[in-house]
Every structure is written in C-alpha cells, then in structure tokens.
Amino acid sequence: MKRTHTCGELREQDIGQEAVLFGWVDGYRDKGGCIFVDLRDRDGVTQLVFDLQVNEGPLKVARTLRLEWVIGVRGRVRDRGTMRNPRMPTGAIEILVDDITVFNQAETPPFVVQDDVKASEELRLQFRYLDLRRPTLQKVLRTRHRTNQVVRNYFDGQGFLELETPFMVKYTPGGARNFVVPSRIQPGKFYALAESPQLYKQLFMVAGMDRYFQIVKCFRDEDLRLDRQPEFTQIDMEMSFVTQDDIFRVIEGLIFRIWKEVLDVDLLEAYPSGRFPQMPFYESMARFGNDKPDLRFGLEHTDLTGLVIDHRGGGIPLLQSLADKFTSGRYRQDLPQEIVKAMRIPAEHKLSRKEVDRLEDFVKGMGAQGMARAKVAPEGGWTQSPFAKVVTPAFRDAVNAATGASPGDLLLFQIGKEPVVQTVMANLRLHLGKKFGLIPEFGSGGQWRFLWVVAPPLFEWDEENQVWAAAHHAFTRPYDEDVPLLETDPGMVRCYRYDLVLNGVELGGGSVRLHDSKVQAAVFKAMGLRDDDAREKFGFLLDALKYGAPPHGGIALGMDRLCMLVSGRESLRDVIPFPKTQRGSCLMTDAPTPIDPALLEDVRIVTTV
RNA sequence: GGGGUUGUAGUUCAGAUCGGUAAGAACGCCGGCCUGUCACGUCGGAGGUCGCGGGUUCAAGUCCCGUCAACCCCGCCA
C-alpha cells in the first residue's frame with residue numbers, strides 16, 4: 001500500500017475515488033454490524049467505516065483495533081449522505097474500507113490523546129511524544145515552523161546574511177550564569193555555553209558582514225519561570241551604519257510580516273503608520289511599575305513621592321518619616337531610595353473589604369510590608385483607611401487630584417523601597433486587570449499592543465559590590481547629551497537601548513553599540529573598571545573595535561515568547577517541543593543525571609555531593 | 001536562597017468544619033450485546049502502599065514533623 005492522501009484533505013469532491021490512508025486510531029465506535037474508526041494524522045481526522053455486509057474480513061480486524069494503533073487502509077471515498085458531521089472538516093465523507101493493515105499495536109496510553117486533555121502537565125511531559133500528537137500542539141509546532149520560514153525569508157530579502165556562531169565560548173563573568181563544559185584536552189579549563197551570540201555578532205560587523213541574523217539557541221543557568229527556559233531560541237540580528245530608528249523599522253517590518261503571514265492579521269489597521277509607539281523607560285516605570293507595560297488596560301500608577309515631600313508626610317506618620325529622609329529637596333544618598341505609589345480603582349470595580357484583605361496578602365507575598373487603602377467619600381474624604389483620621393485635608397485633596405480619584409473610588413498605596421514598590425505595584429496591576437476581566441487570564445484577547453521602551457539608564461547601582469554596573473552590557477552607546485554625566489552622575493546617563501514589548505511581554509531587546517573608544521573609556525571608568533580589568537573581560541572585542549569598527553546596533557527577539565503569543569498559549573513549555581520543568585529536569589529522559597565516573601575522571605572533575 | 005499551591009484507581013477528581021461506618025465517581029481498560037456512530041449506547045468486570053518517611057492516637061487519606069516531585073511567584077535572569 002502506498003499512501004495517497006492525508007487524513008485531513010478528503011472532501012465532497014473526492015467521493016468515488018479510491019484512497020489509501022495511514023495514521024493512528026483516534027477513536028472507534030463498534031455498532032456490532034458496522035464499526036466506525038477515526039483515523040488521525042498530523043493533517044486531520046477521517047472516518048473509516050467497516051460494514052459486515054460489504055467487507056466482513058476488514059471488519060473482523062477493525063474489531064481488534066485500540067486507541068493509538070498505527071494502521072493503513074485502502075478503500076473508497078463515500079458520501080456520508082444525511083449523516084454528515086459538520087464539526088469535522090472531512091465530515092462530508094468517509095472511507096469504506098476494503099483492506100486494512102495493522103502496522104503497530106500500541107499499549108494503552110497513560111492518557112487519552114485528545115485536544116480536551118485532562119492529564120496533568122507532569123504526565124504529559126513524561127510522555128511528550130504522545131502529548132505532541134494532540135492537534136493543538138501539532139498546530140503550535142506548525143505555527144513555529146511557519147514563523148521560522150517568514151523570519152528567514154524576510155531577513156534574506158532585506159540583505160541579511162544568516163551566519164552561525166559558536167555555542168562553546170569563553171566564559172566571561174557577569175550577566176547571566178553560564179552552563180559550563182569541561183575541556184578534556186585541557187584539564188581544569190572550561191568552555192561556557194553561550195548566553196547569546198552578542199559578542200560574535202559585533203565581531204561580524206567589524207568583519208564587514210554589514211547585516212547578520214540567526215535563529216539561535218541560547219543557554220542561561222538561571223531559575224526558571226513560566227516564560228523562561230534554560231535553553232531557548234532567539235531571533236538575533238545586527239546591522240552596521242544604522243541608527244536606533246533604522247533597527248526599529250526593520251523589526252517593525254518583520255513583525256508586520258509575521259502577523260500577516262502566520263496569523264493573517266494586518267497590523268496596519270492598528271498601526272496605520274507602520275510604526276510602533278515608543279515610551280521612555282522612566283515613564284513606563286512611573287505609570288506601570290516595570291519596563292514591559294501591558295497597554296491593553298488602565299489601572300495606571302501615580303507616583304506620590306513628590307507630594308509626600310511637599311506636604312511633609314501630610315500628617316501620616318509613616319509618610320512623615322519618609323519625607324524626613326529628604327534634605328533640602330534631595331534624597332539622602334546614604335539611604336536606599338524609598339517611594340510612594342498609588343493605584344486608583346474606579347468605583348465600577350467593586351472590591352469587598354475581604355477581597356482587599358486578600359490583595360494585601362497577595363502583595364505581602366512579594367515583599368510588601370502592607371497595603372494601605374482609602375475609599376473616597378462623596379465629599380472627597382477618606383474612609384476605611386488607616387490614614388483617615390490623621391491625613392491633612394490639603395494632602396488628601398492633592399492625592400485625590402493627582403490620582404484623579406472621585407467619590408466611590410478606592411485608592412491602594414505602596415510605600416517602601418523603590419524596587420519592591422515597583423514590583424508589587426506592577427504585579428498588583430496585572431492581577432487586578434485579570435480579576436476585573438480587563439484582560440484575559442492569558443492570550444491576547446485579539447488585542448496586539450506593541451511598544452518600544454526606550455532611553456533606559458546605562459547603569460544600575462550594584463548594591464552588593466557598591467559600583468555602577470552596566471544595565472545591559474558595557475558596549476551600549478549613551479545619549480550624546482548625557483556623556484558629560486558619566487563623570488558627575490552616572491545613574492542619570494540614558495542610552496540607546498530598547499525593548500520591544502507586546503501585551504506586557506518583553507519580546508526582545510537590543511542596543512546601539514558604542515564604537516567611540518573615548519566614550520568607551522569613560523564608560524569603563526564610570527564602572528570603576530581599570531584598563532586591564534576591561535582587557536581581561538572583553539579583550540578580544542576591545543582589540544577588534546580598535547581596527548575599524550563601523551557604527552552598529554542590533555536586537556534579539558525571543559522566538560519562544562513570540563510563538564507563545566502568536567499561538568495564544570500561556571506557557572513557553574507549550575511552544576517548545578521538548579521543554580524542561582521549573583527545576584530544569586526533562587521528565588521524559590530524566591536529565592540531568594549523574595554520569596559515568598570514568599567520564600568525570602577524563603575531564604578531571606570531582607563532585608562533592 | 002525565600003514564600004505559596006498541589007500530590008487518593010491508568011487518568012481527572014470527590015472524600016467537608018468533627019480522626020472511626022468511606023476506598024467512591026467519571027473517563028479509560030477488560031468481556032458481552034448492538035448496522036449509522038461521531039463525547040455512540042447498553043449490560044457486566046477488573047483495578048488503590050491515599051507521593052515517600054517518621055510521629056501523635058485504641059484508631060490517620062484526614063492531625064503534627066520531615067522529605068521528594070510538579071506548578072506559581074520573589075530574589076536571580078533581558
């Protein structure tokens with residue numbers, strides 16, 4: 001028998017044809033005198049029919065079939081007449097089987113292979129090859145394939161070269177923790193698995209490749225999350241002789257193409273200019289508490305720190321002590337920065353006291369000390385609030401005005417160290433957005449809100465080592481007008497770094513690189529890096545930059561996250577064929593495992609557990 | 001490193017505030033019947049170390065301690 005059709009393609013117009021189909025038994029209904037079998041392959045499901053009157057031999061075989069057996073059948077495409085199934089694409093027809101071959105029997109699967117899967121993810125990961133038979137996951141992988149093809153076509157059409165970079169690279173401290181690979185030939189030395197092709201793609205620019213892209217695996221030994229895997233895929237690119245805006249245009253073009261060709265969505269309807277909006281980093285932090293705002297709904301934050309200082313705490317002891325930390329309008333630098341933020345919950349979103357209590361537990365789980373609240377009364381006063389009795393009317397009115405609070409609204413406050421307040425408020429906003437039904441629990445809800453977050457600070461203060469550390473990497477170009485601040489106020493230096501955000505998910509990020517050696521030296525100096533330190537860490541790149549590096553920049557997009565959003569899945573694990581668990585295990589293969597002691601000896605490794 | 005949720009039949013779950021009369025359902029599986037099903041129907045049957053270890057108790061699925069695994073979050077990570 002030679003296959004003539006897939007299980008998803010036969011239609012009304014094929015009636016009367018002979019067809020040979022191969023596939024898996026998706027279901028069977030034994031009526032005694034006739035048996036119906038659903039045959040499944042990656043393209044769909046076709047109903048087979050065995051009839052005692054017509055084909056007794058095959059019917060006897062069909063009676064023995066069980067779920068997930070692999071069979072082939074030859075038969076005639078027949079009209080189902082009045083018994084058509086409108087819910088099946090092939091529902092108009094069935095195959096009246098003349099001949100059947102059982103290629104392979106199957107043990108009873110640990111869970112039933114069906115879209116409406118009930119088995120736990122743990123079990124499905126253990127039998128991933130069965131899980132992947134489900135039509136939804138087949139569709140996801142097909143979408144991933146399509147996306148890959150669009151990316152390659154697009155970049156090729158734009159003059160990019162698809163070039164490969166090593167996975168086994170030199171270990172460089174800083175940034176994400178590396179997976180390490182011991183060298184057998186050079187005992188005691190190690191390679192690192194590449195966190196990204198970052199340095200190599202810059203070397204491609206120095207080498208004059210002009211435009212590079214790659215769909216590439218990256219490895220990071222950090223704790224996992226719903227949207228983080230230890231090995232993941234990036235769409236990586238770099239361009240020479242460009243500005244930030246040139247890079248934006250290329251990526252916007254790519255995204256438009258993917259949405260059109262994979263989803264059949266024309267983003268021009270939402271973005272008629274073909275461009276995505278941009279928002280400065282500081283604005284995003286102030287309004288949303290993070291650098292990846294979900295713009296599909298409101299519940300924005302208001303930063304009240306300035307008001308609190310102006311009103312010397314507004315009669316509220318907790319805020320008074322915070323205001324006291326400011327001297328002559330400037331925060332005391334010997335203390336960690338503390339801020340005050342509020343979120344206005346409009347009256348239309350009812351929250352019982354009990355629900356607000358639960359919200360307080362929710363934020364405490366993220367490190368918040370508590371969560372003050374205030375209900376706005378008809379004349380603007382605050383009730384149901386720990387502040388109600390002490391707040392000065394002037395401060396209260398100022399807060400109401402700043403947050404836009406009107407009677408019936410609820411105000412939620414966070415007071416404390418800046419990073420905690422921001423994290424808590426950002427998560428609180430998302431939590432409430434879902435709770436109020438403003439955004440779906442997961443998925444896009446058909447809304448695609450893209451945003452470039454731009455102009456973040458070049459440095460972050462490293463509390464542990466008491467130095468300024470590169471927030472992205474040390475080769476990001478600062479804003480020209482901020483270059484003087486490198487010496488006076490490094491924390492205020494903005495840079496040409498950017499993140500592409502979609503519906504609150506960071507799709508990717510990149511930067512325009514620093515190619516001016518004078519500015520580069522100033523950046524290293526601000527970081528407290530001596531010349532030889534820098535040389536130790538980045539020597540080969542510094543050398544390369546000396547030999548005629550073009551101005552260049554690039555970006556990397558998270559392929560897995562992109563596929564997750566495009567496919568409307570809630571988890572990265574759903575769009576990676578063989579993902580790992582939160583502790584980095586593969587439940588199917590049981591990796592990681594101990595290895596043969598002889599192999600350890602070969603690479604001169606002694607373990608201590 | 002920290003916080004939280006979950007773990008009972010092959011699978012998904014119930015088994016409540018009160019420790020004993022509770023080892024249960026559905027799907028799947030096995031056998032019988034059925035010629036138009038497509039969540040087929042119907043009759044019957046098998047299937048359990050209640051994650052694992054310890055403790056309290058006359059008695060533990062249920063209470064306590066520990067441990068393992070999966071999941072979610074903080075830290076970490078672009």
> What's the verdict on ring pair (Phe, Tyr, Trp, His ring centres under 6.0 Å) for A:F276 and A:F248, showing C-alpha distance, side-chain angles and the deciding distance?
CA-CA 8 Å; A:F276 296 145; A:F248 286 6; 9.4 Å; no
> Can you tell me how far P in B:rC34 sits from the matching atom in B:rC43, rounded to whole Å?
16 Å
> Looking only at atom P, what distance separates B:rU17 and B:rC64, rounded to whole Å?
11 Å
> Classify the side chain of A:R80 versus the base of B:rC38 as yes if they form a donor-acceptor pair under 3.5 Å and no if they do not.
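Counting by modelled atom types and ignoring angles, a donor-acceptor contact under 3.5 Å is found here.
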> With heavy atoms under 4.0 Å as the rule, sort A:D30 into base, sugar-phosphate or nothing.
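Answer is base: heavy atoms of A:D30 come under 4.0 Å of a base.
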> Roughly how many Å apart are B:rC29 and B:rG48, using the C1' atom of each and rounding to a whole number?
15 Å
> Contact class for A:Q114 vs. all strands (heavy atom < 4.0 Å): base, sugar-phosphate, or nothing?
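Nothing: the residue A:Q114, judged by heavy atoms under 4.0 Å, touches no strand.
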> Using a 4.0 Å heavy-atom cut-off, does A:L125 contact any base of the nucleic acid, only the sugar-phosphate backbone, or nothing at all?
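If one applies the 4.0 Å heavy-atom cut-off, A:L125 turns out to touch nothing in the nucleic acid.
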> In whole Å, measure the gap between the C1' atoms of B:rG1 and B:rU57 for me.
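Taking atom C1' in both B:rG1 and B:rU57, they lie 37 Å apart.
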> Pick the P atom in B:rC18 and in B:rU62, then give their distance to the nearest Å.
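Per the computed distance, 14 Å lies between those P atoms.
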> Would you measure the distance from the P atom in B:rG45 across to the matching atom in B:rA26 and give it in whole Å?
13 Å
> Over 60° means perpendicular and under 30° means parallel, so tell me whether A:Y498 and A:W452 are parallel, tilted or perpendicular.
perpendicular
> Classify the side chain of A:R84 and the base of B:rC38 as holding, or not holding, a donor-acceptor pair under 3.5 Å.
no
> Could you let me know what B:rU6 is paired to, Watson-Crick or G-U wobble, both distances under 3.5 Å, or none if it's on its own?
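Across all strands, the one nucleotide that pairs with B:rU6 is B:rA69.
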> Once hydrogens and angles are ignored, does a donor-acceptor distance under 3.5 Å link the base of B:rC77 to the side chain of A:R220?
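By the distance-only test, no, there is no pair.
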> Please state whether the phosphate of B:rA70, meaning OP1 or OP2, lies under 4.0 angstrom from any side-chain nitrogen or oxygen of A:R583.
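For A:R583, the contact criterion (side-chain N or O under 4.0 Å from OP1 or OP2 of B:rA70) is met.
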> Indicate, with a heavy-atom threshold strictly under 4.0 Å, whether A:E94 touches base, sugar-phosphate, or nothing.
base
> Pick the P atom in B:rU21 and in B:rG61, then give their distance to the nearest Å.
10 Å
> Check every strand shown and say whether A:S196 touches a base, only sugar-phosphate, or nothing at a heavy-atom separation below 4.0 Å.
nothing
> Look at all strands and tell whether A:I35 reaches a base, only sugar-phosphate, or nothing, counting heavy atoms closer than 4.0 Å.
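Nothing, no nucleic acid heavy atom in range.
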> In plain terms, say whether A:R29 and A:D38 are close enough for a salt bridge, that is, a side-chain N and a carboxylate O under 4.0 Å apart.
yes
> Could you check whether A:S585 gets within reach of a base, just the sugar-phosphate, or nothing at all, counting any heavy atom under 4.0 Å?
sugar-phosphate
> Classify the nucleic acid contact of A:A471 as base, sugar-phosphate or nothing, counting any heavy atom under 4.0 Å across all strands shown.
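Base contact.
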> Is there a donor N/O on one and an acceptor N/O on the other, under 3.5 Å, for the side chain of A:R63 and the base of B:rG32?
no
> Suppose you measure atom P in B:rC63 against the same atom in B:rC40; what distance do you get, rounded to whole Å?
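Per the computed distance, 39 Å lies between those P atoms.
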> Taking only the side-chain nitrogens and oxygens of A:R78, find out if one of them lies under 4.0 Å from OP1 or OP2 of B:rG36.
no
> Counting N and O atoms only, with roles assigned by atom type, does the side chain of A:S284 sit under 3.5 Å from a partner on the main chain of A:N290, one being a donor and the other an acceptor?
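Yes; judged by distance alone, with no hydrogens or angles, the pair exists.
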> Between A:D294 and A:R449, does any side-chain N to carboxylate O distance fall below 4.0 Å?
no
> Any donor-acceptor pair under 3.5 Å between the side chain of A:R497 and the base of B:rA78?
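Indeed, a donor on one side and an acceptor on the other fall under 3.5 Å apart.
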> What's the closest nucleotide to the side chain of A:N85 if the choices are B:rA39, B:rC29, B:rC38?
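For A:N85, the side-chain atoms sit closest to B:rC38.
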> Any idea which of B:rU37, B:rG28, B:rC76 is nearest the A:Q47 side chain?
B:rU37
> Mind checking the CG-CG spacing from A:L557 to A:D499? Nearest 0.5 Å is all I need.
10.5 Å
> Is there a Watson-Crick or G-U wobble partner for B:rC29 with both distances under 3.5 Å, and which nucleotide is it?
B:rG45
> Scan A:L224 against the nucleic acid and name what it touches under 4.0 Å (heavy atoms): base, sugar-phosphate only, or nothing.
nothing
> Students often get this wrong, so: under 4.0 angstrom with heavy atoms, is A:M366 touching a base, only sugar-phosphate, or nothing?
sugar-phosphate
> Check the orientation of A:F127 and A:Y129. Use parallel for under 30°, tilted for 30 to 60°, and perpendicular for over 60°.
perpendicular
> May I ask you to say what A:R225 touches in the nucleic acid, namely base, sugar-phosphate or nothing, with a heavy-atom cut-off under 4.0 Å?
base
> Looking for any heavy atom pair under 4.0 Å, which part of the strands does A:Y28 touch: base, sugar-phosphate only, or nothing?
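Touches sugar-phosphate only.
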> Go through the N and O atoms of the side chain of A:K118 and the base of B:rC27, and report whether any donor-acceptor pair is under 3.5 Å.
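No such pair is found, so the answer is no.
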> In the structure shown, which nucleotide is the Watson-Crick or G-U wobble counterpart of B:rU57, with both distances under 3.5 Å?
none
> For A:F36, which contact category applies under a 4.0 Å heavy-atom criterion: base, sugar-phosphate, or nothing?
base
